[in-house]
Structure formats: structure tokens, C-alpha cells
Amino acid sequence: MTRGHLFDPTFGARDVSATVSDQAWVTAVLDVEAALGRAAAHHALIAPEHAGTITAAAAELGAPGGVDIETLGIDAAVGGNPVIPLVSALRAAVAVSGVPASAVHLGATSQDILDTALMLIVKNSIATVRQSIGACVDAGADLALEHRGTPMAGRTLGQQAVPTTFGAVAAGWTSGLLRADDALARVAAATSVQFGGAAGTVAAVHPYGLRLADALADELGLTHQGIPWHTDRTRIAEIAGALGTAAGAIAKPALDITSLASTELGEVSERSPGGSSAMPHKRNPIAAVTARAAVRRVPGLVATVLAGMDHEHQRATGAWHAEWETMTDLLRLTAGGADKLAVSMGGLLVHADAMARNLEITHGLLLAERVTTALDAHTDHAREIVTAACAVGGTLDTDPAVTEYLEPAVVRRLLDPADHLGHAGDIVDRVLSMVHLRTGGRHDR
């Protein structure tokens with residue numbers, strides 16, 4: 001059973017759906033139980049042939065259709081989690097081969113299995129998120145390189161500010177995505193096994209407890225836990241925080257693209273825009289729109305995780321349970337937003353003519369501050385002179401109060417965006433160097 005058949009394609013989560021589905025949870029839980037059997041056999045706590053039987057049965061039950069997930073969900077409600085009925089099913093499956101019930105789930109508690117299963121899901125899902133973010137980075141670097149010298153109006157507080165280049169804008173998007181990807185890489189590399197037993201003391205398998213935990217981690221390709229972390233939720237919080245940061249890095253270019261694609265600006269458009277059921281003329285930047293929609297829900301989910309970090313004593317009464325769907329949705333939405341942004345940026349059309357046209361709206365006044373600085377050498381009233389000239393919407397190179405001190409040609413040079421944008425190219429070059437380290441030179445200048 002997979003959630004999201006209706007909306008996941010719209011919000012970009014189709015590729016990650018299987019990784020965070022109900023079936024994925026069932027498979028991950030049974031993978032952990034199988035790995036625990038093998039780790040126990042490694043320490044001679046159960047017979048090797050029993051571990052082999054447990055692994056085979058877990059694989060069969062964990063395959064699609066191996067268990068009825070709807071029935072499992074109903075059975076899970078009794079004990080408050082799905083591990084209990086899954087362990088019963090696994091024990092029943094291996095009993096016919098003479099494997100004792102005690103060989104299954106050895107020394108573990110339900111939280112050990114679910115937390116470790118979550119870590120497997122996180123590791124697999126973050127790989128998908130990072131793949132899409134990598135596509136965004138590639139697209140951003142391509143845009144920055146192609147448009148490193150394409151002038152456009154910079155905008156602050158909703159108004160035109162000083163000129164920039166679209167290449168510098170795309171470089172800014174790319175830099176944020178790179179930093180977010182770094183955070184995701186760190187938490188993915190630190191996904192840890194959880195194994196503490198009933199109250200975090202691994203007493204049931206003394207003196208092998210912590211060594212058994214390390215062997216379990218090795219079986220699953222997860223990091224060693226150090227000590228059990230049942231009610232220390234900093235690992236979960238770090239993962240949620242990294243996903244939240246990624247969502248913000250995705251939201252930034254998605255918002256800029258929807259703004260720049262507006263009819264009034266028309267500076268970019270998507271290669272495959274969406275239409276409207278009511279307005280045939282519409283060419284909506286739908287990939288950027290749905291990227292924003294996906295990640296817009298992420299901050300609230302991050303807040304839920306952070307608010308639930310206070311797990312009391314050695315097992316939480318509800319805060320732990322609240323993490324399961326919250327983390328699943330965090331992964332689904334961040335992956336979806338990254339996927340849709342990759343579609344948007346990868347097919348972005350840049351309209352340099354519209355950028356130039358919009359720069360002309362202010363009649364070259366975006367660089368009026370440079371004229372003010374030049375006038376300062378000649379008069380104590382430079383700011384008042386330039387402010388008054390801008391207020392009437394004139395051209396500074398013909399304003400007599402300005403040309404009294406500066407030659408018109410000098411004023412025109414000061415107002416020329418091309419004479420102002422050298423550092424925009426430097427910004428692009430720095431980001432391209434960062435990308436170069438990751439791509440092996442694909443974005444060489």
C-alpha cells in the first residue's frame with residue numbers, strides 16, 4: 001500500500017513514494033529483524049542456520065504482498081506500533097522450521113526496531129532528495145555560466161535596487177542548494193542503529209549488548225550508536241533540521257522563479273508551463289509553484305519534531321509515536337520539492353530582452369548612488385541634488401543641477417550597468433568553482 005497516489009506526482013514525490021510508503025516501513029522493520037538474527041549468530045547467541053531461516057522468512061514477509069498491510073495496521077493499534085504483530089508473524093513463519101521464538105527479536109524492544117527502520121528509510125530517501133538537489137545544482141551552474149553577464153534589475157523590498165546579473169542570481173540559488181546538500185550528506189552519513197532493549201541498558205543480552213548493537217549496525221550499513229538513544233532525539237532533530245534547511249533552499253529559487261515569470265516582469269518562463277482550466281492565455285510556472293507547495297509544509301513538520309524532543313524517562317508516552325508519520329512526510333515533501341525545482345530550473349528560459357526592458361523603467365537611475373558619490377567631491381548637497389532629480393523622473397546626464405559639476409559623459413558612464421557588474425562575474429566564478437569540486441569540471445568556465 002502506498003500513500004499519495006493522487007497527489008504525489010503533482011508535488012514531485014513520485015520517485016520517493018516507494019521509499020517512504022507503508023510497504024517500505026514493513027520491509028525496513030523486517031530487514032532489521034533479519035539483520036539482528038545475523039548479528040546474534042555472529043556472537044553465537046543463536047545458531048547460524050536459525051539466522052539464515054529468519055533472514056529468508058523476513059525477506060518473504062517483507063516483500064510486497066508478504067503481509068496484508070491493512071490488517072497489520074489494525075493489529076498494530078492494540079500495542080501502539082506495528083513491530084509487535086510483525087514479530088509474531090515472523091516467529092510463526094520460522095517456527096515451522098524449528099526456530100525457537102526466542103531467536104527472533106533477541107534482546108530488542110519495539111522502539112529499537114522502529115527507530116532503526118526509520119534510519120534505513122531516512123538514508124534511502126535522502127539519497128533521492130540529494131539526487132534531485134544535484135540536478136538543481138547542475139541547472140543552476142549552467143544558468144550562472146550562460147548568464148554571468150546578463151544584466152537585470154536587482155530588487156530589494158519589492159522595488160528595483162541596483163543592477164545585478166541573472167548569472168549572479170542563479171549562483172546565489174546554487175550556493176544555497178550546495179550548503180543544504182552538505183547538511184543532508186552529513187546526516188545521511190550519520191544514520192545510526194538503535195539497540196537498547198527494554199529500558200536502554202541492553203540487559204537482556206548481557207554481556208554482548210553493545211557489541212551486538214555494533215554488529216547490527218554493520219549488517220545494515222548504519223553507523224554505530226555509541227550508546228542507546230531511546231529518549232535522546234538529537235539524531236532525529238538533526239535530520240529534521242537538515243530537511244528543513246533543504247526545503248528553504250528549494251523554496252528560495254522557486255519563489256524567485258514564480259515572481260520573475262509574472263506577466264508584468266516576464267523575465268523567465270518554464271519550458272513546459274502549466275495551463276489553466278478557465279484562462280487559455282495562462283502559462284503558469286507550475287513546476288516552481290508545486291515545488292513551493294511541497295516545501296511550504298515542511299517547517300511545521302520540523303517544528304513538530306523539535307517540539308517532541310522531550311521524551312520522558314526511558315520511553316516516551318506519545319512523542320516517539322508522533323515522529324513516524326511526521327518524518328515520513330518530511331522526507332516525502334522535501335524530495336518532492338527538490339524534484340519539481342529540478343524540473344523548473346532544468347527547463348528555465350531566460351528572457352534577457354525583458355530584463356533589459358525592465359532595467360530601463362527607471363531610466364538608468366538604479367545606479368544613482370554612484371552619481372551621488374561622484375558629486376560629493378564637488379558639493380555638500382550631492383544627495384539632495386540627486387534625490388530631487390530622481391523624484392521628477394528625469395535623466396541625470398541632462399539634469400542641470402548634476403551637469404553643473406559632472407560632464408554628461410561621466411554621468412552616463414556612472415549609470416552604465418556594464419561598468420558596475422564586474423563583481424557579479426566574480427560571484428558566479430566562485431560558485432562555479434564550488435560546483436567544479438563536485439562535478440569533476442563539468443562547469444568549467
| Can you tell me how far CG of Leu359 sits from CE of Met152, rounded to the nearest 0.5 angstrom? | 8.0 Å
| request: Begin from the C-alpha positions of Lys252 and Asp256 and carry the test salt bridge (Lys or Arg N to Asp or Glu O under 4.0 Å) through to its verdict. | output: CA-CA 6 Å; Lys252 161 60 179 168; Asp256 281 355; 2.7 Å; yes
| Heavy-atom pair with the smallest gap, counting every atom of Gln160 and Asn358 | NE2-O, 2.8 Å
| Main-chain N/O of His313 paired to Thr231 side chain as donor or acceptor, under 3.5 Å | yes
| query | Judged by atom type as modelled, is there a donor-acceptor pair below 3.5 Å linking the side chain of Gln111 to the main-chain atoms of Arg315? | reply | no
| said: Using modelled atom types and a 3.5 Å cut-off, is there a donor and acceptor pairing between side-chain atoms of Trp25 and backbone atoms of Leu118? | reply: no
| field | Where Ile250 and Gly337 come nearest, the two heavy atoms and their spacing | value | CG2-O, 3.5 Å
| query | Which class fits the ring pair Tyr208 and His43: parallel under 30°, tilted 30 to 60°, perpendicular over 60°? | reply | tilted
| task | Please step through salt bridge (Lys or Arg N to Asp or Glu O under 4.0 Å) for the pair Asp218 and Arg38, ending with a clear verdict. | result | CA-CA 10 Å; Asp218 294 340; Arg38 295 192 299 273; over 6 Å; no
| Under 3.5 Å, side chain of Ser175 to main-chain N/O of Ala171, donor-acceptor pair present? | no
| Are any side-chain N or O atoms of Asn124 and backbone N or O atoms of Leu120, one a donor and one an acceptor, separated by less than 3.5 Å? | yes
| said: For the residue pair Asp112 / His230, report whether a side-chain donor-acceptor contact shorter than 3.5 Å exists. | reply: yes
| Hey, does Met355 have a side-chain heavy atom less than 4.5 Å from the side chain of Val350? | yes
| said: Whether the Asp15 and Thr128 side chains hold a donor-acceptor pair (N or O, under 3.5 Å, no angle test) is what I'd like checked. | reply: no
| said: Can you tell me how far apart CD (Gln314) and OG1 (Thr109) are? Round to the nearest 0.5 Å. | reply: 12.0 Å
| query | Which value, rounded to the nearest 0.5 Å, describes the distance between Asp22 atom CG and Glu325 atom CD? | reply | 8.0 Å
| said: Once rounded to the nearest 0.5 Å, what's the spacing between atom CD of Glu267 and atom OG1 of Thr150? | reply: 11.0 Å
| query | With no hydrogens and no angle check, is any side-chain donor or acceptor of Glu270 less than 3.5 Å from a backbone partner on Ala287? | reply | yes
